[in-house]
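Here is the structure we will look at.
Basis for what follows: all heavy atoms, side chains included, without hydrogens, waters or symmetry-related copies. Everything quoted here is computed from the prediction, not taken from an experiment. One is the number of the first residue; the rest follow in order along the sequence.
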Amino acid sequence: MLEITSIQIKPHLNMSTNSEDLSENNKKKSFFDWIFENSSEILIFVGIGVRVFILFYCYYIHILDPSRSWGDVGLNFARPVFYPVLTTAFLYILIFLSFGYIEIFAFYAFLWDLLSSITFYFVLKSFNIQNRNFVFGLFLINPFWILNNSFSLTNCGYHITDALFFFFFFLALIYYPKKENYTKYLFYLFLGLSMCIKYYTLLTVPIFFLKYLIEKDWKEMKVFILCIFPLLFFLIIIPYIFLSWYSYESYDYLQHGFDGPIYVRFIPMTLIIFFFVLFRLKKTDHFETSIVSIIAVGTLIFFSFQYLRWFQSLILYGILKEKEFFTFNLKLGIIQKEIHVNNHVLTIFLSFISVILSYIYLITFLRAPSLM
């Protein structure tokens, strides 16, 4: 009788134990399922939250140590230098609206950084990127983008002029894929404003002109000239002719940190454009041309200020040129998901590597862990 009782009790205990284990596993599984299902919203929340945290962190460290450098924000607040006249006008307006407080000016830098980042969401929407919210979340937490535009270990890491540039550049990209006639005008208008803010996209002008000339696309050429050339004439050419300080400071900027002849630093930029025109002109699109222009101009600036931030536009190329490489099934305990390795995964992975390389480069060659 005792044996029978023991036999009856054992399975009852095992069933209870298994039931509890199964319930616990289901809870864990449902939690991880919730994480995966809401990953887009979580990434977006974290990305915006990180930017808000960086702002308060910046205020906090400068309260603790008022002598700490404000970095690029401090330089621009003292006196905007080395910038095109449109950028200088923007900065002077923001300085005026700061009422003498650099903390307010830093807040404006934060706002422009956040605004340009949010504008990129509409670029993703316009390019019809799959899983748009998830990709936007990945962009917001991209460590290389944050490191170059928002954060620095040693000072206030905002680069307000780059934020202004990317804001207008993103506006141009929003209208680029659209098919309506008026969107062509808006694309060239905002692209022209972006190159008048900073010269990164200036090399698109000769490339577009040559492309339309070869293809005999006179209609596109007309819109291109009508929208961009007046901006270049009044905001870049005229200031160079009539403002001596403007041309002098631009030349001085190029000569900074370089003892050789000034033409030497133009060689890498020229080679990039030459080979691009030679091998890609017929196949390229306006977006790719713009990215190549930014990279090429970045090689020119790199001679003066040796930072890897001049090449951060590769992140945009990696995001907006969609391509899936392979898929695999992830089986990690109770987590079982199909993982798609595409350009977005590769971009975020390479961005982490870029952050490491940036600090290694800066510490090794510049002896300063800053991305000013």
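Checked against a 6.0 Å centroid threshold, the rings of Phe151 and Tyr158 do not count as neighbours. In summary, the aromatic rings of Trp145 and Phe139 are positioned with their centroids under 6.0 Å apart.
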When you look at Asp162 and Arg309, which way does the salt bridge (Lys or Arg N to Asp or Glu O under 4.0 Å) test go after all the steps?
-> CA-CA 10 Å; Asp162 277 3; Arg309 58 190 303 269; 2.6 Å; yes

Worked check of side chain to side chain contact (heavy atoms under 4.5 Å, CB included) between Leu316 and Phe169 | CA-CA 11 Å; Leu316 307 178; Phe169 182 58; 4.1 Å; yes

Begin with the C-alpha distance, continue with both residues' side-chain angles, and end with the deciding distance and a verdict on side chain to side chain contact (heavy atoms under 4.5 Å, CB included) for Leu91 and Thr161.
-> CA-CA 8 Å; Leu91 291 176; Thr161 53; 4.0 Å; yes

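Proximity of a side-chain donor or acceptor of Arg51 to a complementary backbone N or O of Gly47 within less than 3.5 Å is detected. The main-chain N or O of Glu288 is found under 3.5 Å from a side-chain atom of Asp285 such that the two form a donor-acceptor pair. Side chain of Ser194 to backbone of Leu191: a donor-acceptor contact under 3.5 angstrom is found. With hydrogens and angles disregarded, a donor-acceptor distance shorter than 3.5 Å links the side chain of Gln306 to the backbone of Phe303. Side-chain N or O atoms of Trp310 include one that pairs as donor or acceptor with a backbone N or O of Phe305 at under 3.5 Å.
Put simply, the side chain of Leu320 reaches to within 4.5 Å of the side chain of Leu124, judged on heavy atoms. In this structure, Asn148 and Leu308 have side chains that are not in contact, with every pair of non-hydrogen atoms separated by 4.5 Å or more.
By the 30° and 60° cut-offs, the orientation of the rings of Phe170 relative to Phe120 is tilted. Between Phe167 and Trp112, the ring planes are perpendicular. Angles over 60° get that label, and only those under 30° would be called parallel. Using cut-offs of 30° and 60° on the angle between ring planes, the pair Tyr175 and Phe190 is parallel. Taking the six-membered ring for Trp and thresholds of 30 and 60 degrees, Trp70 and His62 have nearly parallel ring planes, at less than 30 degrees apart. Aromatic ring orientation, Phe287 versus Tyr317: parallel (interplanar angle below 30°, classes split at 30° and 60°).
In plain terms, the two heavy atoms of Leu231 and Leu193 that are nearest each other are CD1-N, 3.8 Å.
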